[in-house]
Structures are given as structure tokens and as C-alpha cells.
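Below is one structure; the comments refer to it alone.
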2 protein chains.
Amino acid sequence: LDYQHVQVPFEITLWIMLASLAKIGFHLYNKLPSVVPESCLLIFVGLIMGGIIYGLNDKSPPVMDSDIFFLYLLPPIVLDAGYFMPSRPFFENIGTILLYAVVGTIWNVFGIGFSLYGICQVKAFRLQDVSLLHNLLFGSLIAAVDPVAVLAVFEEIHVNEKLHILVFGESLLNDAVTVVLYKLFRSFCEMPAIKTVDVFAGVGKFFVVGLGGVLVGLTFGMTAAFTTRFTKDIRVIEPLFVFLYSYLSYLTAEMFHLSGIVAIIACAMGMKRYVEANISLKSHTTVKYFMKMWSSVSDTLIFIFLGVSTIGENHEWNWPYICFTVIFCLIWRALGVLVLTFFVNRFNVNTITSKDQFIIAYGGLRGAICFSLVFLLPDFHRKKLFIAATTVVILFTVFVQGMTIRPLVDLLAVKRQRESAPTVGEQIHIRFLDHLLAGIEDIAGHWGQYYWKDKLEYFNSKYLQKILLREYDQPKSSIVLLYEKLERKHAIELAEAGQLGHAASHPSLLCSGFLCSNNKTVVTDKKLVDTLNPDVLENIQEILARNLYRIRRTGPAYNRHTLPGETEPVERAKEILILRHKSL
Amino acid sequence: LDYQHVQVPFEITLWIMLASLAKIGFHLYNKLPSVVPESCLLIFVGLIMGGIIYGLNDKSPPVMDSDIFFLYLLPPIVLDAGYFMPSRPFFENIGTILLYAVVGTIWNVFGIGFSLYGICQVKAFRLQDVSLLHNLLFGSLIAAVDPVAVLAVFEEIHVNEKLHILVFGESLLNDAVTVVLYKLFRSFCEMPAIKTVDVFAGVGKFFVVGLGGVLVGLTFGMTAAFTTRFTKDIRVIEPLFVFLYSYLSYLTAEMFHLSGIVAIIACAMGMKRYVEANISLKSHTTVKYFMKMWSSVSDTLIFIFLGVSTIGENHEWNWPYICFTVIFCLIWRALGVLVLTFFVNRFNVNTITSKDQFIIAYGGLRGAICFSLVFLLPDFHRKKLFIAATTVVILFTVFVQGMTIRPLVDLLAVKRQRESAPTVGEQIHIRFLDHLLAGIEDIAGHWGQYYWKDKLEYFNSKYLQKILLREYDQPKSSIVLLYEKLERKHAIELAEAGQLGHAASHPSLLCSGFLCSNNKTVVTDKKLVDTLNPDVLENIQEILARNLYRIRRTGPAYNRHTLPGETEPVERAKEILILRHKSL
């Protein structure tokens with residue numbers, strides 16, 4: 001037996017296996033996940049595992065390593081979040097999100113930090129040795145809402161899109177603020193004296209860390225899109241580039257002390273549109289599936305490790321400090337949301353209702369990021385107190401808030417997410433209104449979001465698409481793409497039903513949508529009018545040719561570089577010529 | 001700048017990126033890969049990279065770590081090979097493959113070892129200090145044909161299926177022999193005296209290592225199939241199990257000093273059938289795609305690293321020894337193939353032609369496994385000579401043989417692989433003949449391969465499927481599955497062409513195939529006759545219901561645990577009831 005040799009991969013595989021099996025286990029009993037959020041169940045599994053390890057070895061079980069968390073577990077989750085981020089609601093509410101993420105987080109950090117310092121002055125609690133700076137440092141790590149925890153809970157309760165994006169967007173973008181404040185206070189703790197210039201440098205850093213992250217992310221995203229232009233002959237490695245470039249953007253940002261989370265989100269959102277147009281349908285399925293799979297496993301591992309790490313002897317249970325931390329976290333968040341929303345509602349037509357405000361405040365869950373940051377603290381005599389307080393705050397928010405938020409959403413009758421995707425007609429009207437509003441804004445001389453969106457779209461179709469897309473001469477409207485997608489889905493379902501022949505009615509129904517969408521394209525782009533008919537004809541010919549060809553041909557077996565069903569267009573054209581020649 | 005922190009993942013990502021970009025680069029110029037095999041180009045890139053590193057640092061570039069190779073780079077390639085192994089030709093030629101793999105490899109090891117020992121006796125070469133045991137040890141690592149190198153070359157030249165499976169199967173299964181002989185000679189080198197009992201223990205080990213590997217692999221494969229029975233509610237993590245279980249089988253086999261390659265192949269071949277029936281279509285695409293992607297990247301990295309590791313100062317250039325190694329490798333392999341094929345042809349109707357024999361002998365490429373094994377040798381004063389000889393043999397086989405084998409195949413007019421997949425009619429006839437032959441064998445009292453195959457099939461449908469498949473009460477003939485697959489593919493293509501309505505002719509054509517296959521099933525399983533009609537009706541009803549439902553419903557956005565298009569059957573049934581109620 002040679003366990004030493006295979007230990008590292010073997011144990012990693014076993015942990016992932018445990019996580020996956022735990023997930024299967026929960027879903028076998030359908031009742032369980034509908035009452036208790038999966039994150040709670042996983043922490044519970046972790047607690048049991050930790051207890052077993054503690055009982056067997058009689059020493060604290062291993063704590064989740066901060067490096068492993070930040071370098072390997074967090075990126076997949078953030079990538080998944082960024083790649084599947086609904087961009088429309090995100091950009092429509094970007095102002096509000098940024099306000100919550102930046103001002104809200106700073107408010108929380110200082111609020112929690114100063115009031116905990118006040119608690120430390122009470123002699124009965126024996127906490128006089130915790131300085132203001134240490135309290136602020138603790139505040140900076142406990143204040144930030146955690147994207148992993150928020151996602152885990154909010155994706156199960158299906159609140160309306162705007163509410164979801166407000167909480168979730170805040171949890172993602174506050175990373176820049178958290179990184180800056182945490183590092184600032186940590187370096188202040190180690191400095192003998194703090195100068196005014198250091199404080200100003202800290203403020204300047206906000207912009208560097210946040211905007212730098214965006215810049216790094218966009219650079220890698222555009223490079224990824226550009227690279228996928230050239231993968232036509234080796235479809236198999238297409239999905240790889242999506243993962244490689246986004247991971248590189250995260251690592252590069254971390255290397256330069258920028259916000260890795262912001263970078264990977266900018267990368268994912270930037271490349272998505274172009275990559276999707278360049279890669280094949282199967283590659284796209286693989287990318288989607290693998291992202292979901294990876295983030296799901298990461299998320300499971302994080303919660304299990306959170307549970308495991310809770311067991312052990314690295315805690316100092318000073319209950320007054322811990323209880324006041326929980327209370328202050330709740331109070332300051334509620335106050336912050338109330339005050340900020342007051343300003344937001346004054347400047348917006350679509351106000352945030354008081355119900356929504358309550359859910360935003362209540363949904364401020366803490367999670368593994370706080371946990372990893374507290375372990376990264378430099379050693380000082382009260383570190384164990386901070387660890388204990390962080391653990392309790394996380395468990396409180398995940399268990400109490402996470403389990404009660406669903407009944408509360410039901411009780412308050414918070415507006416839910418709409419169940420169905422928008423119809424083709426709706427999409428056309430939304431698009432139409434966008435153009436209309438952009439025109440009105442232009443005439444009124446008001447440079448609002450529609451104006452900028454229109455300009456960006458123009459820049460995109462004029463320059464970016466030509467560089468980044470493989471077939472840039474045939475830009476397809478998103479509605480046509482949607483139509484194709486619906487058609488394909490419908491066809492698969494019909495095929496599964498084995499009734500392909502009787503399907504004459506459905507396409508004609510959708511066809512009106514297709515025509516509509518073409519008319520729509522005409523409104524915005526007059527050039528298409530003349531070329532429409534030859535284009536359609538050519539398209540049909542091309543597709544006919546491909547079908548005639550493909551049906552009687554399959555790729556060679558077990559070739560590592562190609563998948564079945566990919567044939568050379570040149571070869572194909574030749575064969576078709578031969579066929580036609582024969583038939584004549 | 002904090003490079004230290006992200007160094008490990010950053011450098012790994014960069015290496016993978018380099019490998020992927022190199023692949024894209026080759027395929028941009030279509031002419032290049034058709035003349036020079038990709039493996040040669042990659043080694044060449046590696047040589048250049050190694051040269052640059054050597055020039056800049058003035059010290060030998062890093063050598064590929066044997067642990068990294070065996071634990072991380074080799075498994076994906078072998079898994080891909082095993083999962084996509086065409087099982088029919090493999091099992092039809094299993095006897096011949098085993099003969100080549102076991103007897104052939106032993107023949108080569110002793111042939112090369114003894115003749116090199118002979119060379120060492122020539123005083124002019126100054127090699128008298130290399131003992132017989134060291135020569136045999138060297139023979140054991142240089143004799144084995146490398147699956148990675150064979151795959152890389154053979155998948156580009158498309159020889160006929162039988163020839164391919166003979167070379168490729170041998171290269172995979174000889175791992176057990178190589179492992180045993182290599183470890184045996186290595187321990188003999190360190191022993192003061194060798195007893196007869198040790199030699200006999202070595203012979204016994206063959207069976208333990210090989211059969212143990214098969215056992216470990218099958219165990220994990222069956223567990224994987226069993227696990228995927230329960231993943232219906234979380235489709236997202238289905239692909240994960242395929243990878244986790246096969247990797248675990250490899251690691252477990254390595255841990256017990258069994259053959260990891262044999263284990264992972266047994267695991268992949270064992271689980272494939274059941275896993276494919278259990279998991280969803282999208283999961284299946286992901287599994288296929290990711291396996292190809294992973295093995296492609298591994299393979300690229302291996303060849304680049306081979307190139308990089310060649311540059312440096314850890315070689316001892318004793319040219320007589322090196323040249324005779326190359327010559328003996330060629331001669332003994334050619335002799336072995338000739339002798340073994342003589343016996344094979346005496347007992348088989350389907351003889352191996354002399355052209356095929358030549359290609360089998362010529363296709364004995366060496367690769368990264370030899371290279372990793374030679375670095376794993378214990379330190380002794382002639383290790384550098386062995387490293388140099390191994391490097392030269394690998395480069396010679398990959399470059400000279402790899403580049404000339406394609407022209408030779410053309411020149412000799414070796415029978416090529418058939419281009420198209422077998423038609424439905426052919427499949428039916430093959431299946432029919434199988435049953436017929438099984439019956440004839442049974443009557444004749446001859447327990448040949450058809451008899452055993454039939455028994456295995458019976459055992460499978462009677463017991464295994466009931467345990468391992470989710471929907472075991474509806475066993476589908478492989479022909480029906482094929483029909484469904486063809487239908488689905490056809491539907492997608494029609495949808496892409498936007499002509500779903502005009503497709504009435506095609507299904508009726510295939511329908512005859514469908515009926516045939518049903519008739520076929522009737523021949524083998526009389527129970528189906530009575531239940532056929534209600535079954536079909538029920539099926540159609542179920543599918544109709546699903547379609548009616550799905551078209552107007554889309555899943556909620558950004559949920560990490562589900563992908564769009566998966567709906568609850570209970571919910572679905574409810575909706576349909578409501579709909580029907582309304583229409584009445």
C-alpha cells in the first residue's frame with residue numbers, strides 16, 4: 001500500500017465526492033430542500049464531519065485554508081455568477097447597486113467598528129484591550145455581504161429580478177471596498193503612527209482597485225473573444241478558453257492587489273456575447289454545464305468546510321462581544337438600507353418599496369469570505385475572539401436569516417420573479433422602446449442610460465464585432481437568434497415525441513414572430529432591406545446542402561481532436577457538387 | 001505585485017494556455033498538420049521553449065515531474081481512450097491483443113535486455129560496468145509501446161478498425177506487464193541476492209496486477225453507474241461522477257500497486273453503457289466534450305514537456321549504446337510481431353495480412369511513459385546514459401516513424417477505415433448474426449465468444465440493468481436508441497434550416513428501420529409482443545404531454561443547481577390537467 005504517493009489527488013477527489021453525494025442525498029427527499037436551504041444542510045453535514053474528526057483525533061479538524069478558498073473555490077462561483085448575470089437589470093440598476101456596495105459597505109464598516117469600540121469601553125465585559133483600529137479592522141471584514149451565501153439562499157426563493165440583482169450585485173461589487181478597507185486597516189495596525197496622507201491614499205485606492213479590476217477583466221475578456229475567432233478547426237478546446245482567460249483575469253487582478261471578483265465578473269460579462277457567437281452549440285452547452293457544475297461543487301465544498309472549521313478549539317467565547325456584533329450587524333445594515341434607499345427613491349421613478357427594503361436588509365448574509373479573511377488576520381492576542389464572533393455571525397445569518405427569509409417573503413407577499421421567459425412580442429417591444437427612448441434622450445439633450453446604451457451598441461456593431469466575431473459580416477439580431485433557439489428546442493422535443501412529420505402548424509405560428517423580427521431589424525438598419533431576400537435564399541441553400549451532406553456521413557471514430565458531426569466546409573462543397581453532377 | 005501568492009495556479013494556467021494556443025496555431029495552416037503529426041510539432045515547440053529557457057537561465061530547464069505525469073496528465077488520456085473504445089472490435093480481438101501485450105512485451109524486454117548486455121561486453125564501447133540486471137531494467141522500460149504516442153499518430157492516419165485496435169489495445173494493456181517487470185527488476189537491482197522464489201512471485205504478480213486492475217475498475221464503474229441512478233433532480237453534477245469515479249479507480253489501483261491504466265479502462269468501459277442511459281443528453285454532451293478537451297490538453301502538455309525536458313545536461317552521450325538501443329527496439333519488435341502473428345493466424349479465420357504486420361511492427365512508438373519511468377530510476381552512475389538512450393528512442397520513433405507511417409500506409413495501400421457509420425440495416429443484420437451464432441455455438445457445444453457474449457447480455461438484462469439503470473422497466477434496444485439519436489440529429493438540422501414543416505418524408509423512411517428493430521426485439525424477447533402497443537401509446541402520451549407543457553415554460557433565471565428546461569414531472573402533470581380541464 002502506497003498511500004503517500006496518491007494522497008493529495010485522492011483526498012481532493014474524496015472531498016468532492018462527499019460533497020456531490022451529500023447533494024444527491026438532500027435531493028432524494030424532496031421535502032427537505034424546500035424547507036431548509038441547502039447551505040444550512042451542508043454546514044450541518046460539515047459540523048457532523050468536524051465532530052467525527054475531532055472525536056477520533058482529539059485535536060481540532062483542519063481549518064479551510066484561505067489560499068485554497070480564494071484561489072480555487074471562489075473563482076468558479078464568481079465566474080458562474082458573472083457569466084449568467086442578467087445584464088439588463090444589472091445595468092439598469094447599476095447606480096443603486098454601486099451606492100449600496102460602496103457607501104453602504106463603508107457605512108457598515110465604520111458603524112460596526114465604532115459601536116463595537118463603544119462596547120469595549122464597558123468595564124464589565126473585560127474588553128478594554130481591543131483598540132479602535134482592531135475594531136475597525138474587524139468591522140471591515142464582517143460588514144461585507146457574501147455573494148456565495150446570498151446566491152445560495154436567493155436562488156431558492158425566486159424574488160423579483162430587481163430585488164435579486166440589488167442584493168446580489170451589491171454582494172459582488174462590495175469586494176473592491178472590502179479589499180481596500182481590510183488591507184488599509186491591517187497595514188494601519190502594523191504602523192507605528194498614521195499620517196493624514198495615508199488616509200487619502202486609502203480613498204484613492206478605492207478607484208484604483210475597482211476600476212483596475214474592471215480594466216483587467218475587460219482586457220482578458222476581449223482577448224478571449226478574439227481567441228475564439230480562430231478555433232473553428234479544433235472545436236474541442238473552445239470551452240477551455242472561457243475558463244482559462246477568466247481565471248487568468250482573476251489571478252492577474254489578485255497579483256496586482258486589485259479586486260479579483262470585479263475582474264472576473266467584468267471578464268465574463270464582456271466576453272459572453274462574443275464567445276457565444278463564435279463557439280459551436282455543443283461547446284456552448286459544455287461551457288454552461290461545466291460552469292454550473294464547478295460552481296455547484298465549489299459552493300458545496302465551501303459550506304461543508306465552513307461547518308468542519310467551526311468545530312475546534314480556536315475560539316474565545318466572550319459572549320457580550322459576540323452578541324453585540326450580531327446585533328450591530330443587523331441594526332447598521334437596516335439603517336444603511338433605509339437611508340440609502342431614501343436617496344435612491346428621490347431620484348428614481350421606479351421606487352424601491354418598503355417590503356423590498358426589508359428583504360434587502362434582511363438578505364445581508366455573511367459567509368465564507370468573512371471566514372477566510374478573519375483567518376488571514378495577523379496574529380494578535382484577541383484573534384480567537386474575532387474568529388468566534390465571525391463564526392457566530394455567519395451561522396446566525398445563514399441559519400436564522402436564511403431559513404426565515406422564505407416564509408417572510410411569502411408572508412409579506414413580496415413581488416416574485418415572473419415564471420416564464422419574455423415572449424418574442426415582448427422582446428420586440430422592449431427593443432423598440434429602447435430605441436425610442438434613446439432618440440428622445442438625444443433630442444432632449446439628456447445623456448441618460450438609453451443614450452449611452454445606444455452609443456455603445458453602435459460602437460459594438462461598428463468596431464468590436466468586426467474584430468471579435470468570426471462571421472462579422474452576418475450580424476444577427478438577438479431576436480432572430482432567439483427564434484432559432486426556440487425552433488431548435490421545439491424540433492428536439494418533436495423528435496423525442498417521434499412526430500416530426502406532423503409539425504406543420506407550429507412553425508407557421510412562430511414564423512410571424514420571425515417576420516416581425518425582420519421588420520424590426522429593418523426599422524433600425526435600413527441596409528438589410530435590399531439584401532433580405534437573396535440572403536434568406538442563400539442561407540436556405542447553405543443549410544440544405546449541409547443537411548444533405550451530414551445525414552449520410554459520420555466522423556471517424558475515436559479521434560481526440562474532433563467530435564463527430566464536424567465536417568470540413570470545403571470537402572462538403574465538393575461532395576455536393578459531385579452529387580449534383582450525378583443527379584443531372 | 002504579489003506573484004508568490006498566485007504562482008502555482010498562474011503558471012499552470014499559462015502552460016495550458018500555451019498548449020492550447022500552440023494547437024490553434026497549427027490548425028490555422030491546414031497544410032502543416034496533414035504532413036507532420038501534431039505530436040512532432042508539439043515536441044518541436046517544446047524544444048524551442050526549452051532552448052529559450054536554457055539560453056536565458058543558463059541551467060537545464062525543469063524536467064517533467066514523473067508524479068505530475070502519472071497522477072494528472074496520463075489519467076485523462078486513458079479515460080478518453082477507454083470511454084470511446086469501440087468495444088466490439090476490442091472484444092473480438094482480445095486474444096490477439098493480450099498475446100501482443102503480454103507475450104510480445106516480455107519478448108521485447110528480454111530480447112532488448114540480453115542483446116544490449118551483449119553489446120556491453122564489447123570492450124571498445126567502454127560499457128562493461130552495465131550489469132545484465134540493469135540492461136533488463138532498461139529493457140523493461142523501453143520495450144513498452146506508448147498509448148499516448150500511438151493515439152496521436154494513429155488517429156490521424158485512419159487505418160482499418162482491426163489494425164488500429166490491435167496496436168492501440170496492445171499499448172494500453174501492456175501497462176500491467178511493464179509495471180510488473182519494471183518494479184521486479186528495480187527491486188532485484190537493490191537486492192543482494194535473487195532467490196528462485198522471487199522470480200516465481202514475479203510471474204504470479206502479472207495476474208494480480210492485471211486482474212486486480214480490472215476488478216478495481218469494474219467495481220468503481222458499477223458504483224458510478226449506480227450513483228447516476230439518483231441524479232435525476234440535480235442533473236448539473238452528473239458529469240462529475242463519471243470523472244470522479246474513474247479517477248478514483250486509477251488512484252486506488254496505483255495505491256495498491258496495480259495497473260492504473262487497466263483499472264481506468266475497465267471502469268470507463270464498464271460504466272459507459274449504464275451511465276449513458278441514466279444521464280441527460282446535455283450531461284452526455286458535456287462528458288464527451290470535456291473528456292476530449294481534457295485529454296487533448298494533457299496530450300499537448302505531455303509532448304511539449306517532452307520537448308522541454310530533452311534540452312539540458314542530464315544526458316550521457318555514449319553513441320554505440322544509444323544506436324544499438326534504437327536498432328534492437330526495431331528488430332525485436334519486428335521479430336516478435338512476425339512470430340506471434342504466425343501463431344495467431346494459425347488459429348483464426350480472419351488472418352492478419354503481412355501489410356498489417358508491417359504497420360503493427362512499425363507503429364510501436366515509444367513516448368512519455370518510458371520517459372517518466374527512466375527518471376523514476378534509482379540513482380546509479382549510468383542513469384544519464386539510460387536517459388539519453390530513452391530520449392533518442394522516443395524522438396526517433398515519434399519523428400521518423402511517426403512522420404513516415406502515413407506515406408507508408410498510402411504506399412502499401414493498407415485497408416483504411418470505412419468512412420461512414422454502419423446503417424440501421426447493417427446493425428440489424430450484425431445483431432441477428434450474433435444471435436444466430438450464439439445459438440449455433442450452443443447447439444454445437446462450443447463455448448466461443450458468441451456464447452459468452454449472449455450469456456453476458458442475458459445476465460446484464462436480467463440483473464445488472466435492474467440495479468444500475470433508473471428506468472429499468474423499459475429496456476430499449478440499442479437500435480431503437482440509435483433511431484432516436486438519428487431522429488434527434490435530423491430534427492436539429494431541419495430546425496437549423498428552418499424547414500420543420502416539410503419533413504414528412506424522412507421519418508417514414510426511417511420508420512421501417514424502427515419497425516424492423518421492433519420485430520427484431522420480438523424475435524429475441526417474446527414477452528414484449530403483448531405489451532408493445534400499450535407501451536408505445538403510453539410513451540407517445542407522455543411525450544405529448546411534456547411537449548405541450550415545455551413549449552410555453554422556461555426555467556427561472558440564474559439558479560446554480562438547475563439548467564433551463566428541466567421541470568418537475570408532478571408540476572407538469574398538474575398543469576396539463578388544468579389545461580385539459582379548460583379545453584373541455
Q) For B:V287, is it the side chain, the backbone, both, or neither that has a heavy atom closer than 4.5 Å to a heavy atom of chain A? A) neither

Q. Where on B:Y245 is there a heavy atom nearer than 4.5 Å to chain A: the side chain, the backbone, both, or neither?
A.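 Contact with chain A is through both the backbone and side chain of B:Y245.
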
What donor-acceptor contacts under 3.5 angstrom involve side-chain atoms of residues 5-18 of chain B, with partners at least two apart or in another chain?
from	atom 1	to	atom 2	distance (Å)
B:H5	ND1	A:D67	OD1	3.4
B:Q7	NE2	B:E11	OE2	3.3
B:E11	OE2	B:Y3	OH	2.9
B:T13	OG1	B:P9	O	2.5

**Q.** B:V236 side chain near A:W294 side chain, heavy-atom distance below 4.5 Å
**A.** no

Q. Could you give the distance from CD1 (B:I237) to OG (A:S296), rounded to the nearest 0.5 Å?
A.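 Reported value, rounded in 0.5 Å steps: 6.0 Å.
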
Q.
If I take atom CD1 from residue A:I24 and atom CD from residue B:E238, how far apart are they, to the nearest 0.5 angstrom?
A. 8.5 Å

Q | Largest heavy-atom contact set with chain A, pairs under 4.5 Å, which of B:F241, B:F70, B:Y247 | A |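 Heavy-atom pair counts peak at B:F241.
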
Q | Largest heavy-atom contact set with chain B, pairs under 4.5 Å, which of A:T227, A:L21, A:T286, A:V297 | A | A:T286

Q: Select, from A:T231, A:T252, A:L240, A:L248, the one with the greatest count of heavy-atom pairs under 4.5 Å involving chain B.
A: A:L240

Q | Proximal component of A:L71, with respect to chain B [non-hydrogen, under 4.5 Å] | A |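 Contact with chain B is through the side chain of A:L71 alone.
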
Q: Could you look at A:Y72 and say if it's the side chain, the backbone, both or neither that has a heavy atom under 4.5 Å from chain B?
A: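 The side chain, not the backbone.
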
Q: For the residue pair A:F243 and B:F290, categorise the inter-ring angle as parallel (less than 30°), tilted (30 to 60°) or perpendicular (more than 60°).
A: perpendicular

